[in-house]
Each structure stands twice: as structure tokens, then as C-alpha cells.
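Proteins get letters first, then strands, A, B, ... in listed order; numbering begins at 1 in each. Everything numeric in this text was worked out from a predicted model, so none of it was measured.
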Protein chains: 2
Amino acid sequence: MVPDVHSDAAPLGRRDLRKQQTRAALTGAALRLCAERGFDQVTVDDISAAAGVSPRTFFNYFASKEDAVLGDHLVEVDAMRVRLASLLPAMPVLEAVRRAVLLVVAAMEADRDHWFLRMEVVHRSPQLLPRLVLSGAEAERVTTEVIAAHLGVDPLAHGYPALVVATTGAAFRVAATRWMEAGGRLSLGALVDEAFTDLAAGLPDRAV
Amino acid sequence: MVPDVHSDAAPLGRRDLRKQQTRAALTGAALRLCAERGFDQVTVDDISAAAGVSPRTFFNYFASKEDAVLGDHLVEVDAMRVRLASLLPAMPVLEAVRRAVLLVVAAMEADRDHWFLRMEVVHRSPQLLPRLVLSGAEAERVTTEVIAAHLGVDPLAHGYPALVVATTGAAFRVAATRWMEAGGRLSLGALVDEAFTDLAAGLPDRAV
DNA sequence: CGCGAACTTGCAGCGACTGCAAGTTCATTT
DNA sequence: AAATGAACTTGCAGTCGCTGCAAGTTCGCG
């Protein structure tokens with residue numbers, strides 16, 4: 001009964017279910033193997049074998065080996081854009097961005113285990129770091145446009161929107177790094193707040 | 001006379017000269033071809049053929065095709081570390097970083113032509129963007145340690161040094177992007193100064 | 001001049017990745 | 001329930017990035 005839930009546009013079928021399973025199996029195997037051996041000591045054949053599919057099928061799910069490890073993370077971009085657009089008229093830009101970022105924070109804290117594995121892998125294979133950073137690049141481009149539209153300026157002519165987005169993105173990355181290095185003993189949200197506070201204060205010259 | 005100049009440790013010989021030529025020919029060909037056709041429409045064979053060497057030799061000069069296009073840029077890291085360490089005791093952290101960054105600014109404005117070609121290539125093939133950003137990662141790691149040492153704090157326990165470096169790095173990247181988008185009609189140094197000013201003011205909520 | 005080191009090159013091979021042409025599985029229609 | 005068509009998986013063959021190895025060649029230096 002009640003086969004169609006209202007929560008999400010999820011056309012549940014035997015097929016789509018299996019796709020989700022396969023995808024999860026692939027990322028899980030990729031993450032586990034790469035955390036154990038290191039990224040380049042794991043072949044696509046290894047991953048697909050561990051997930052029980054053919055190597056060719058692996059590339060039907062992910063465009064590259066890196067994608068399987070680092071994930072897409074493009075999902076939250078749209079939600080963030082909507083949230084930001086609704087917040088902007090009511091408060092300063094920096095504050096709106098801070099609150100919008102909390103969406104990503106929540107998603108990461110929910111996916112805690114996978115993120116720690118990712119940290120492990122990236123720590124062992126720093127070559128992956130740029131790709132991980134790029135995950136946010138699309139989000140930053142979108143965010144820049146939203147802010148520019150709100151301010152009514154051309155994002156190319158004025159550097160302010162891009163500057164806000166780039167620096168807050170950097171602050172977020174620092175907080176995330178500290179979170180992972182602390183093994184999650186600290187709250188990601190608190191670390192993000194701390195970074196945004198320093199940023200809003202103009203990075204004043206006080207260390208401790 | 002004066003065969004050994006004091007400026008650099010440059011053991012000039014027929015051999016080293018040819019190496020420089022070959023290296024320049026490879027980067028030049030890579031940059032030109034990739035700007036014309038796009039990064040993945042150019043093979044290593046194409047580049048090495050255009051430079052007049054064998055494909056195998058290409059990999060004696062560069063570890064990857066990306067390296068040939070984006071370059072190393074690790075040279076200025078050491079100079080920047082020294083400069084920063086000498087500036088830190090005399091002024092606020094943010095100001096010291098701003099002045100140290102001017103070294104990189106000068107290097108980029110001197111290598112203007114190559115940088116515009118790189119912009120062209122990265123614009124056509126955004127996959128290269130993360131690698132370009134990573135170029136600064138090593139510099140950022142070093143800079144973070146210098147600041148942490150100056151402040152006498154553990155860079156892992158306190159987020160401040162990493163935050164300063166990451167955000168200033170982001171600000172610099174925004175300025176560099178605007179510089180390239182403007183086709184060099186604006187001064188890179190002026191754009192960097194503008195970004196640092198906004199940053200020091202705490203990204204206040206004013207657009208124009 | 002002759003020796004050793006540095007540089008180039010071809011070859012053989014691994015692994016990431018892709019297009020194509022099956023074969024298989026499932027949802028849907030009648 | 002059977003038939004139809006779409007979606008998904010898979011093997012195959014091939015390209016390209018990249019590497020180690022073992023020559024061959026060039027150059028610096030005594």
C-alpha cells in the first residue's frame with residue numbers, strides 16, 4: 001500500500017533500485033579499496049570486481065575513476081541556489097552565504113562516514129585534491145551569479161560577487177579540512193561559523 | 001669574460017642551452033595547439049612532433065600533458081617564503097601577505113603572453129582549472145607554516161593561519177581571473193590591491 | 001683523444017576510457 | 001499472459017596517457 005511516497009520524485013522500480021544498489025556498491029568498493037591501498041594501487045577492474053559488475057559497466061555509472069571516489073555533490077547546488085536567493089533580500093551578503101552553506105554542512109555531517117573515507121584517500125593520494133576542490137567550482141559559479149543578480153551588477157565588471165564567493169568557499173574548505181583532521185570530534189557547523197566570523201572581521205591580526 | 005654571472009646558478013653549456021630550447025619549444029607548442037583545438041584534441045604525439053622531439057622525450061621533460069600546458073610555477077615559492085618571513089615582524093599578517101604576493105604578481109605580468117594563452121586553454125577546457133588552482137597549493141602550504149611559526153601556534157590546532165592563506169589565495173585568484181578576462185587592460189597589481197582591501201574590510205555589504 | 005655521464009629514442013606494456021554491437025532484463029501495452 | 005520496446009549490462013577492439021628498460025647518440029672533461 002501507498003507505493004508512491006510523496007517525499008521525492010522517486011520512480012521506484014526493481015530496475016532503479018538495482019541501479020542505486022550498484023552505484024552504492026561501486027562507490028563503497030572504490031572508497032574502501034583506495035583507503036586501504038592508495039588511489040593508483042587500485043584498478044577499475046578491482047573496483048568493479050568487488051562490486052560484482054563488469055569493468056565496462058563501471059564507466060556507465062562514472063565518467064572516471066576519480067568520480068567514483070570523490071562523488072558528484074552536484075545535488076545540493078540547486079538547493080543552495082534557491083536558499084541563497086531567498087535569504088539575500090533580508091540580510092547582508094556574507095550572512096546569507098553563511099546560512100546557505102549550512103545546507104552543505106548538514107549534507108556532509110549526514111554523510112560523515114563516506115567523507116572520512118574520502119579524507120583518508122585524499123590524504124594518501126594528494127593528486128585527488130584539485131578534483132575535490134573542483135566539486136565546489138560549479139557551485140561557486142552559480143552562487144556568484146545569484147549574488148551579482150541580487151546586487152544588480154555585472155559579475156564580470158565587478159569583482160565583489162566573485163570575491164565573496166571565492167573567499168567564503170576557501171573559508172569553508174579550511175573548516176572542512178579541520179573537521180576531518182579532528183576526526184569529527186568537532187562540529188563542522190561550529191568550525192564554519194568560526195571561519196565566517198574571522199572573515200567578517202577582516203581577518204584581524206589575532207591568532208589565539 | 002665573466003663567464004659565470006652571479007645572478008643565478010646557471011651552468012651554461014651547449015647541452016643545457018638545448019634543454020632550455022626544447023623545454024620552451026614543448027610548452028610553446030602545447031600552449032599554441034591547445035589554444036587552437038582544445039586540450040583533449042591535442043595528443044602528446046602532436047606536441048612532440050611540433051617541437052621536433054620524440055613522444056618519449058616529452059615525458060622526460062614533463063610528467064604529464066597538463067604540466068606542459070600549465071607549467072610548474074614552483075620557482076617563486078621559495079622567494080615568497082623568504083620575503084614573507086622578513087615582512088611579518090614589522091606589520092599585520094594580512095598586509096605582509098599582500099606585499100609578498102606582489103612577487104607572484106610581478107612574475108605573472110612579466111610572463112604575460114604565456115598567461116593569456118593559458119587563460120585561453122583553460123577557458124576552452126575547464127577540466128584544467130583545478131590543476132591550475134593546485135599550482136598554488138604547495139605555496140599555500142608553505143605560507144601557512146610560515147605564518148603559524150610567526151604567531152607561535154600549531155597550524156593544526158588553530159585555523160587562523162590556514163584561513164588567512166586560503167582566503168588570500170582565493171582573493172588573488174579572483175584578481176588574476178579578472179585580469180585575464182580584461183585582456184590585461186587592467187593592472188594585475190591594482191586588482192590584487194582592490195581585492196585585499198575588500199578582504200581587510202570584512203567583505204562589507206557594498207557592491208559598487 | 002678517449003672516457004663517462006647525460007640525453008634521446010624505440011619498444012613493449014599497463015591502465016584509463018570510449019564506441020559499437022550484441023545479449024539480457026524489465027516495464028508497459030494489448 | 002504474451003508481445004513489444006526501451007533500458008541496462010557486457011565483451012571487444014581500439015586510442016591515448018604514461019612508464020621502465022635497453023639500446024644508441026651527444027656532449028663535457030680530463
Within this structure, what is the CG-to-P distance between A/Asp46 and C/dG15, rounded to whole angstrom?
9 Å

Taking for each residue the nucleotide of DNA chain D with the nearest heavy atom, is it B/Pro55 or A/Val53 whose nucleotide lies nearer the 5' end?
A/Val53

Would you mind reading off the distance between B/Gln127 atom CD and C/dA16 atom P, rounded to a whole angstrom?
18 Å

Distance test, side-chain N/O of A/Ser54 to OP1/OP2 of D/dT9, below 4.0 Å:
no

Contact class for B/Asn60 vs. all strands (heavy atom < 4.0 Å): base, sugar-phosphate, or nothing?
base

Between B/Lys19 and C/dC7, does any side-chain N or O lie under 4.0 Å from OP1 or OP2?
yes

Given the options B/Phe116, B/Phe172, B/Trp115, B/Trp179 meets ring-ring contact (aromatic ring centres under 6.0 Å, His included) only with B/Phe116

Are A/Arg81 and A/Asp78 within salt-bridge range, i.e. N to O under 4.0 Å?
yes

Rounded to whole Å, how long is the line connecting atom CD of A/Gln20 with atom P of D/dC8?
12 Å

Between D/dG17, C/dC20, C/dT9, which one does the side chain of B/Phe59 approach most closely?
D/dG17

Taken to the nearest whole Å, CZ/A/Arg23 to P/D/dT9 is 11 Å

One thing to verify: whether B/Arg178 and B/Glu194 come together as a salt bridge, which I'm taking to mean a side-chain N less than 4.0 angstrom from a carboxylate O.
yes

Are A/Tyr61 and D/dC8 close enough that a side-chain N or O sits under 4.0 Å from OP1 or OP2?
no

Before accepting this row, confirm whether a basic side-chain N of the pair A/Arg124/A/Glu120 lies closer than 4.0 Å to the acidic partner's carboxylate O.
no

C/dG15, OP1 or OP2 - any side-chain N/O from A/Thr43 closer than 4.0 Å?
no

Proximity to the side chain of A/Arg15 - top-ranked nucleotide from D/dA6, D/dC21, D/dT10
D/dA6

Charged N to carboxylate O under 4.0 angstrom, A/Arg173 versus A/Glu140?
yes

To the nearest Å, give me how far apart CZ (B/Arg18) and P (C/dC7) are.
13 Å

B/Asp16 CG - C/dC7 C1' separation (whole Å)
11 Å

Just how far, in rounded Å, is P of D/dC8 from CG of A/Leu26?
14 Å

Tell me: CZ of B/Arg56 to P of D/dA23, nearest whole Å?
16 Å

Measuring from the side chain of B/Lys65 (C-beta onward, heavy atoms only), which nucleotide among C/dC20, D/dC8, D/dC18 has the closest atom?
D/dC18

